[in-house]
Structures are given as structure tokens and as C-alpha cells.
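What follows is one structure encoded as C-alpha cells, with my remarks underneath.
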Amino acid sequence: MAALGAPLRTLRALLRELRHAAGRSYRDSPAYRHVVAAFRAHRVTSEKLCRAQQELHFQAATYLCLLRSVREHEALHREYHGKGERSPQEVAGLVGFRLPQQPGGKG
């Protein structure tokens, strides 16, 4: 995983992925409430130095990576998943070939 960016950027990206996963009502989901509460609880204030901030940020970035990967995997699966058995002519057309013509006009 690359270097961690700003925590706010990670939070926004994480909420964007939650919106993709849950749809319009993502703010009602327990995942949204948990992420926002965790980021609020671990923010750095002038009264304390929060060591868990880095740990939370790393966990959030890891979860963000997981959500993005799942979404991209589903998109690739929908696009390239097999749709049953195809005829030899269809398969040849997919890869850019043409089948040779059979003698007698049968193909």
C-alpha cells in the first residue's frame, strides 16, 4: 500500500465507497455511523496526543482498499463473466478471426 494521505481525504474516499456500496441511503447504515464516530473519536485535539490516530488511519485506508477492490472486481466480473456456451463462429468473432468457408457453401 502506498503512503497514507491526509486523514480527511481517506475519510471522504471511504464515505464515497460506502455510498457506492449502499446506494442513496448510505447515511442510515451502521457502517457510516461507525466510520464517522471512529474518525471523530480519534481526531487530534490540543488536549491530547492520540497515538491511535495513525492506527485508525491505516485501518481506514485498508478498508477503503478493500471496498474499492470489491467494487472493481464486481464490475470486471459483470463485464467478462461467461454467458454460457458459444458457437465457434461467435468465439472466432470475439478474438477477431473468421472461420474458413466450407466447400459446397455450407458455412
Side-chain angles (χ1 to χ4, degrees):
M1 184 179 286
L4 297 175
L8 184 59
R9 180 178 286 176
T10 303
L11 174 63
R12 287 179 178 163
L14 191 55
L15 295 179
R16 192 175 313 117
E17 289 298 324
L18 284 174
R19 186 173 58 236
H20 282 295
R24 284 288 195 196
S25 62
Y26 74 103
R27 288 182 185 240
D28 299 331
S29 70
Y32 173 83
R33 289 191 296 269
H34 174 73
V35 167
V36 172
F39 266 87
R40 284 184 181 150
H42 289 85
R43 68 178 171 225
V44 176
T45 64
S46 59
E47 290 89 30
K48 66 178 182 176
L49 174 64
C50 183
R51 288 188 204 151
Q53 168 94 27
Q54 302 266 334
E55 180 182 346
L56 174 75
H57 189 197
F58 180 76
Q59 286 178 349
T62 303
Y63 189 58
L64 172 62
C65 180
L66 171 75
L67 288 175
R68 277 186 184 155
S69 298
V70 167
R71 181 175 51 86
E72 291 171 1
H73 173 264
E74 287 175 353
L76 288 172
H77 184 72
R78 277 193 306 272
E79 185 174 345
Y80 294 108
H81 183 66
K83 295 171 179 65
E85 193 168 331
R86 297 181 176 171
S87 69
Q89 290 82 9
E90 269 186 287
V91 174
L94 284 174
V95 296
F97 294 122
R98 290 186 321 145
L99 291 179
Q101 295 292 327
Q102 294 183 357
K106 294 185 179 179

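Basis for what follows: all heavy atoms, side chains included, without hydrogens, waters or symmetry-related copies.
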Seminar exercise, completed: The reported gap from NE2 in His81 to CG in Leu76 (rounded to nearest 0.5 angstrom) is 13.5 Å
Exercise. Side chains of Asp28 and Tyr32: does their closest heavy-atom pair fall under 4.5 Å?
Worked result: no
Problem set entry | Gap between atom CZ of Arg71 and atom OG of Ser69 - 0.5 Å precision | 9.5 Å
Exercise. When rounded to the nearest 0.5 angstrom, what distance separates CZ in Arg78 from NE2 in His73?
Worked result: 10.5 Å
Exercise. Do Leu8 and Leu15 sit in the same hydrophobic cluster, where Ile, Leu, Val, Met, Phe, Trp and Tyr count as joined when their side-chain heavy atoms come under 4.5 Å apart?
Worked result: yes
Exercise. Which atom names give the shortest non-hydrogen contact between Pro7 and Phe39, and what distance separates them?
Worked result: O-CE2, 3.6 Å
For this session: First locate atom NE2 of His57, then atom CG of Leu64, and finally report the distance between them rounded to the nearest 0.5 Å.
Result: 9.0 Å
Exercise. Looking at residues at least two apart in the chain, or sitting in another chain, which of them share a salt bridge (Lys or Arg N to Asp or Glu O under 4.0 Å) with Arg68?
Worked result: Glu17
For this session: For Arg33, look at atom CZ and say whether over 12 heavy atoms of other residues, nucleotides or ligands are found less than 6.0 Å away.
Result: yes
Problem set entry | salt bridge (Lys or Arg N to Asp or Glu O under 4.0 Å): pairs with one or both residues in residues 84-98, sequence neighbours excluded | none
Exercise. Any idea which heavy atoms bring Tyr26 and Ser29 closest together, and the distance?
Worked result: O-OG, 2.8 Å
Exercise. Residues in ring-ring contact (aromatic ring centres under 6.0 Å, His included) with His34, at least two apart?
Worked result: none
Exercise. Looking only at heavy atoms, what is the nearest atom pair of Leu56 and Ala38, with distance?
Worked result: CD2-O, 3.5 Å
